[in-house]
A.B. asks: 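Provided herewith is a single structure, encoded as structure tokens, for subsequent inquiry.
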Amino acid sequence: MRIRTVAMLGLALITVGACSSSAASSSAQAYKLTLIQGVAGDPFYVTMACGAAAEAATEGVTLNVTGGNKWDATVQKPVIDSVTAAHPDGVLVAPDDSRALLSPLKAMNDAGIKVTFVDTQLDDTSFAQSVISTDNLAGGTLAATTLAQLIGDKGSVLVVNVDPGISTTDARVKGFSDEMKKHPNITVLDVQYTHDDPTAATTITTSTLAAHSDLAGVFATNVQNAEGVATGLKQAGNTTVKTIAFDAGPKQIADLNAGIVQGLIAQDPYGIGVAGVQQTVLALKGQATTKVIQTQLAALTKDNVNDPAKQKFLYKASCS
Ligand code: T6T
């Protein structure tokens with residue numbers, strides 16, 4: 001497998017080939033695919049790229065991986081535009097905003113590039129070959145029932161989220177908030193946004209601990225928020241507040257094992273990457289695709305995190 005990293009316009013661009021480019025281009029079906037990550041460097045998207053690269057190798061297609069260095073639609077838009085200009089055959093994309101990126105992604109589709117949504121999606125999915133994600137609503141519900149149990153069904157809970165307008169994290173918060181309505185002795189505080197910055201999550205945790213003496217639990221909606229919340233609880237020496245977080249990056253697993261976080265709702269980003277390549281290649285071959293695919297999730301605790309069956313839900317820092 002060939003992996004090449006190129007610094008371009010401040011973006012990380014990785015080329016992963018199943019075989020040498022000359023060999024790939026000699027095959028009639030050596031399609032060129034690009035994966036546009038929600039943000040580069042996030043273990044969720046690193047793992048998704050590993051799955052996509054493995055499937056690309058199996059199928060004999062080439063895969064470029066790119067992404068902005070920040071979760072921000074204004075950073076992702078030029079990345080999308082430059083991929084459209086490069087004109088691969090198909091693109092797997094995780095849009096950073098469910099509305100703001102409609103126009104550049106429609107332009108990509110109108111240019112004849114097959115588009116598949118992986119993880120996040122737009123409000124308008126009409127032109128997508130396939131939409132592949134976790135059942136984020138169900139994950140949010142599971143986070144709420146687990147947290148309610150951990151805190152004895154009473155007290156205040158803090159929700160630390162990325163930004164409004166992201167399909168995945170919006171659905172997680174909806175599932176969480178709707179479920180918490182069934183728990184009258186739990187007060188869900190106003191959702192706080194971090195723009196995907198762990199430092200902001202730490203600051204929010206510190207100030208909420210100070211302002212709400214009955215704070216009993218936290219729901220952190222993704223990797224960066226979970227990392228920042230754990231840091232805030234550690235810095236405060238707090239051992240009473242219970243935390244449930246989405247995702248299963250390496251630092252999150254360490255925090256779970258250390259007892260700082262009590263539960264993780266882990267996704268299967270590797271499987272999303274595999275399915276994304278499979279569906280895009282089917283579309284390119286003119287074969288039927290599956291319009292909506294929901295991949296598995298798993299509830300991880302300190303007690304089950306080492307089970308063999310859970311290992312596929314742990315995210316990677318790199319593919320090797
Ligand atoms: O939770 C994942 C992903 O599903 C979400 O859309 C954005 O955040 C992550 O990448 C984790 O940081």
Side-chain angles (χ1 to χ4, degrees), residues 12 35-52 65-73 75-76 92-101 116-123 125 131-140 142-143 159-176 193-201 219-231 244-253 255-256 261 263-273 275-276 293-300 313-317:
L35 165 61
I36 305 176
Q37 300 166 310
V39 61
D42 177 324
F44 175 87
Y45 289 111
V46 169
T47 310
M48 184 190 291
C50 299
V65 180
T66 186
N69 56 9
K70 211 171 148 198
W71 189 284
D72 187 327
V75 172
Q76 198 182 38
L92 291 65
V93 58
D96 282 1
D97 186 281
S98 59
R99 290 187 192 167
L101 297 160
T116 294
F117 294 142
V118 281
D119 179 47
T120 53
Q121 57 183 275
L122 297 178
D123 289 350
T125 58
V131 179
I132 304 159
S133 72
T134 306
D135 185 343
N136 288 290
L137 191 72
L142 180 59
V159 179
V160 185
N161 199 8
V162 183
D163 276 317
I166 303 169
S167 64
T168 49
T169 49
D170 280 357
R172 290 169 201 171
V173 173
K174 179 168 176 17
F176 184 87
Y193 295 102
T194 63
H195 318 298
D196 215 31
D197 176 2
T199 309
F219 174 39
T221 64
N222 81 341
V223 170
Q224 289 72 21
N225 290 329
E227 292 183 357
V229 166
T231 303
I244 296 292
F246 238 82
D247 295 309
K251 182 174 182 302
Q252 291 179 276
I253 299 296
D255 288 336
L256 185 72
V261 168
L264 297 176
I265 312 294
Q267 309 185 71
D268 180 15
Y270 191 96
I272 295 176
I293 296 178
Q294 285 193 326
T295 49
Q296 289 178 299
L297 55 73
L300 303 182
F313 295 100
L314 308 193
Y315 306 175
K316 300 167 191 296

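Counting starts at 1 for both ligands and their atoms, in listed order. The shown structure was predicted, so the numbers you read here are calculated from the model rather than taken from an experiment. Along the sequence shown, residues are numbered consecutively beginning with 1.
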A.B. asks: With rounding to the nearest 0.5 Å, note down the distance linking OG in Ser98 to CD1 in Ile166.
C.D. replies: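 CD1 of Ile166 is found 8.5 Å from OG of Ser98.
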A.B. asks: Please check if any side-chain donor atom of Asp268 sits under 3.5 Å from a side-chain acceptor atom of Thr295, or the reverse.
C.D. replies: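 Short answer, no.
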A.B. asks: Just checking, is any N or O donor in the side chain of Tyr45 or Asp119 under 3.5 Å from an acceptor N or O on the other one?
C.D. replies: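 Tyr45 vs Asp119: donor-acceptor pair found between side chains.
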A.B. asks: With sequence neighbours excluded, tell me which residues meet salt bridge (charged side-chain N to carboxylate O under 4.0 Å, His left out) with Asp255.
C.D. replies: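 Counting only residues at least two positions away or on another chain, Asp255 forms a salt bridge (charged side-chain N to carboxylate O under 4.0 Å, His left out) with Lys234, Lys251.
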A.B. asks: Atom NE2 of His195 and atom CG of Asn225: how far apart are they, to the nearest 0.5 Å?
C.D. replies: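 Separation between the atoms: 10.5 Å.
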A.B. asks: Please tabulate, line by line, the atom pairs linking an N/O of ligand 1 to a protein N/O at a distance below 3.5 Å, with the distance in Å to 0.1, or answer 'none'.
C.D. replies:
from	atom 1	to	atom 2	distance (Å)
ligand 1	1 (O)	Arg172	NH1	2.9
ligand 1	1 (O)	Arg172	NH2	3.4
ligand 1	1 (O)	Asp247	OD1	3.2
ligand 1	1 (O)	Asp247	OD2	2.6
ligand 1	1 (O)	Gln267	NE2	3.3
ligand 1	4 (O)	Asp119	OD1	2.7
ligand 1	4 (O)	Asp119	OD2	3.3
ligand 1	4 (O)	Arg172	NH2	2.7
ligand 1	4 (O)	Gln267	NE2	3.0
ligand 1	6 (O)	Asp119	OD2	2.7
ligand 1	6 (O)	Thr168	OG1	2.7
ligand 1	8 (O)	Asn222	ND2	3.0
ligand 1	10 (O)	Asp42	OD2	2.9
ligand 1	12 (O)	Asp42	OD2	2.6
ligand 1	12 (O)	Asn222	ND2	3.1
ligand 1	12 (O)	Val223	N	3.4
ligand 1	12 (O)	Gln224	OE1	2.8

A.B. asks: Are Leu122 and Phe117 close enough that some pair of their side-chain heavy atoms sits under 4.5 Å apart?
C.D. replies: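 Leu122 reaches Phe117 side chain to side chain.
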